[in-house]
Amino acid sequence: MSAAPTDGAARNADRARTKSPGLVRSALRFGEDPLVWASWLYYEEGLTQGEVAEAMNVSRPTVNAYLADARSKGIVNITISSERLKSLSIAGRLQEHFGLDECLVIPGEGGDRSLIDRLGAAGAQALGSLVHSGDTIGITWGRTMLAVARATENRDLKDIRVVQATGGTTAVIEYTPEACARRLAEALGARSIPISAPAILSSAEAKMILLSEPVVAEQIATFDQLDRIIFGVSSLRANSTIHISGFFDSALQQHDHYHNAVGSIAGRFIDANGAQVDGPLTNRTLGIELDQLARVPTRVLVAGGYDKVPAILAALRGGFVTVLVTDAATGEGILRADGAETEAPRSARPGQVDRSADFATRSRVKKFINAPRDAVSQSLDGALRAFPQFIAPIGKSLQAIRSSTAPRAGKVGLVIGGGAGHEPCFLGYVGPGLADAVAVGNVFASPPPDRVLTCTRFASTGAGVLYIYGNYTGDVMNFDMAAELAAGEGIDVRTILTTDDVASSAAEDRAGRRGTAGNVFVFKIAGAACDRMYPLGDCERLARKANAATFTMGLGLEPCSLPDTQRPSFRLGEHDMEVGIGIHGEPGVTRQPLETADAAADRIFDRLMSEMQSLPGARVALLVNSLGGTPMMELFILSRRIQQRLAARDITVTRCMVGHYCTSLDMVGASVTLMQLDDELLDLFDHPCAGFAWQNSPQ
Amino acid sequence: MQAIDTPFLLLFFRAVARRLEENREALCGLDGEIGDGDHGTSMANGFAAVVSTLRDIDAAKEPPSAVLRKASVAFLSDVGATVGPLYASALLQASRAFDDRPDLSLSELSTFILALADGIAVRGKAQAGDKTMLDAWLAAAHAARAQEALGARPGHVALKAAEAAEAEARATATMIASRGRAALLKERSLGHQDPGAVSAAIILRTLSDVVSDLAEQAP
């Protein structure tokens, strides 16, 4: 049941209708649950609490308690649907948490206009309500400040002065201190007070001399007369304005002095708590001092963007801000970064009311393990004993595993690998027609280089070796080190990173995506190419082609738990799901309210199709994969829907696999992988193979 | 023992292994929130492997550079993971700081810390502010260098380095991850400390404790 308490008109209309006799129903249809009954009468029928009390024959306070209970138990979910309301709520929490006089938060999405332009408009709006005739206003510099100045409208105020808060710069940027101040003065019809000196001087002596010039001294003196100041804050990240503007010279790179700094206000540097960080620039900077700034009665910070979160937070902690103008996403980030409650009021968040989501109250997850540290080796031992016809240890270590069939001379070797916890990945794909060897790490951890090297030596017959593994920082470092060592032994190694997970990065950043269940298809194609004795270059090309044709997206319903902790790896509410989940028990890209199987399958399908742009008549291989805890029964429900959607597009499912192929321990969830097939890929797909997780009989 | 020499390193590695073992679950928990949950395991196992490899060495014969090289190999070949190459590179870089010297003076502590930080930076290619272990290591290195420049005693240098690392580990909660698995979470990583920075702070706090214990024993 959902209801909109703000919808007063409709409520009154409903109330009018319920006045007619006979409309108040007995409790029968609500069973024994007074909460549901009370909620229905109040929210759906629009009765007042007094009327509900009368209808239910209980007191009004009881009704009030029923309604509160209904909300806290999730019987009634009130959703704040409008972005606007969300912004208001974030503004309120920012204002409260940081003790601000005012806070203006613009919605996260704003159509075509850039964030800076929208912040500029909001800053101008704030300024409009804060500035009065006769005010002296300071303004700093930067993109956001110029946007504020541009968006400011003349409201016929009198006797305004606009003061440039720092010296100037000859840097080739549009948003210089001079430009920002001049533009704002023009917009307000104000008198502009420039600073007739550079912001950064060549020496402290030069600064002293300039300050003794009467013109400059007079201009600087206005800093103490400011009624308002509007300022921005710069992040010190490598790509931020402060580095590319040319405003500062290379002194900023002298990290010995400024390594503690997280942001810059008016050319001064502050640390994470907003304390000034001094360095060689301090006595060479000409502009408002931070303590002067902090004495201005109204201090408006306009800033947004995630990269600015540490800097904005520092400015807030340092007490430099009385009015904050930012965007919803940044505002939420600031609250979260400061450990403030970022959730909307409980009643407004479906799925957040359930105490079982609370990490601390979750019980230990039961597992069939002995000592956690032995889990991986005992599991591998079991696999080796179970499937001796497919796999065998290479040496003493159980974590470097070979195909029971030695590679034929002249065959390109295929080495795969990754952490444990993905079973039957990766060792289930070792055998004839698949990989020659697999390096297994600890749970969700890359195998070390020497183990990969051991596998490489086994797989190498002189024709070169392919490494295929998922694109993760740790795996890349370890496999690259192994490749270097192998090169030192004269083995030609080519690396193919799998990057099939569409949720992990934008389509333009295909190379930055992570590898998930699509691994399996890429292993299969590459294994077949190697088995057909194709030369190294062809094997590499086909593996890349397979990866490029493969797209995966996953949804998580419950976190997994590692043997070492035996606790859920993150919190997930009872009515929530993680969208864009990987295969390491990590949270997904976003969290969404739980959906039905068909809606979830549609969500995945639409995203995959937006990437694949498969035309009618196309052929695909489909893999509906369990992340560990989701049973076949549910996989088939998802698979059915995906098949329906594919059929509606006239796309043929040429090969279909449903089951546990690449898991994330006991995570509840599933992924869907589609590989677009052409004759070449289909031919290799059907090539005979014999791993314990994938066997194709010879045709 | 008033220098960073082989006995010092053995003491240090044993203490680090113990502390990381105590924090194994906590670090896994932190990692689970924004990563894959293996950080505590990898760190504790890695230093346990270092200690186990070094158990039988002859402290009188092995120079610190050799000890650090052995530690590097032991760490890497045991854990792999993400931290394997990073700490292996750190330990290797530290071994180079010794060249063939039998020890580094305790007054050169910042050189030791900086070498470890350097090794991590070179292998991981992260930058300051990327919300990684490097943030804590850099903060510690800078603090140690600043204290040494002021002529502070080694115990104080180590303490300030540890405090800087701890403060920076807390500050990683305000950063957006741009390296490693947490980078996939983008803004959802806000409010969570980086587990690598937290474990780095644990190592640096251990270093501080070892150094101040030695300073107390000094005549």
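All chains are named by letter (A, B, ...) in the order of the sequence lines, taking the proteins before the strands, and each is independently numbered beginning at 1.
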Heavy-atom side-chain contact between [X] and [Y] under 4.5 Å:
| X | Y | answer |
| --- | --- | --- |
| B/Thr174 | A/Leu313 | yes |
| B/Leu190 | A/Val309 | yes |
| A/Arg336 | B/His192 | no |

Quick check for you: to the nearest 0.5 Å, what is the distance between [X] atom [atom1] and [Y] atom [atom2]?
| X | Y | atom1 | atom2 | value |
| --- | --- | --- | --- | --- |
| B/Asp78 | A/Asn442 | CG | CG | 7.0 Å |
| B/Ile176 | A/Tyr306 | CD1 | OH | 6.5 Å |
| B/Thr82 | A/Asn478 | OG1 | CG | 7.5 Å |
| B/Ile34 | A/Ser569 | CD1 | OG | 12.5 Å |
| B/Leu138 | A/Asn260 | CG | CG | 11.5 Å |
| A/Met481 | B/Ser89 | CE | OG | 7.0 Å |

With only heavy atoms counted, which part of [X] is less than 4.5 Å from chain B, the side chain, the backbone, both or neither?
| X | result |
| --- | --- |
| A/Asp564 | both |
| A/Pro447 | backbone |
| A/Asp450 | side chain |

Atom CZ of B/Arg19 with >12 non-hydrogen neighbours under 6.0 angstrom: yes
Around atom CZ of A/Arg317, are there more than 12 heavy atoms of other residues, nucleotides or ligands at under 6.0 Å?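 More than 12 within 6.0 Å, yes.
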Between A/Pro448, A/Pro372, A/Gly333, which shows the greatest number of heavy-atom pairs under 4.5 Å with chain B? A/Pro448
Just so I understand: if I count every heavy-atom pair under 4.5 Å between each of B/Ala149, B/Gly129, B/Gly37 and chain A, which residue has the most?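 Of the options given, most contacts go to B/Gly129.
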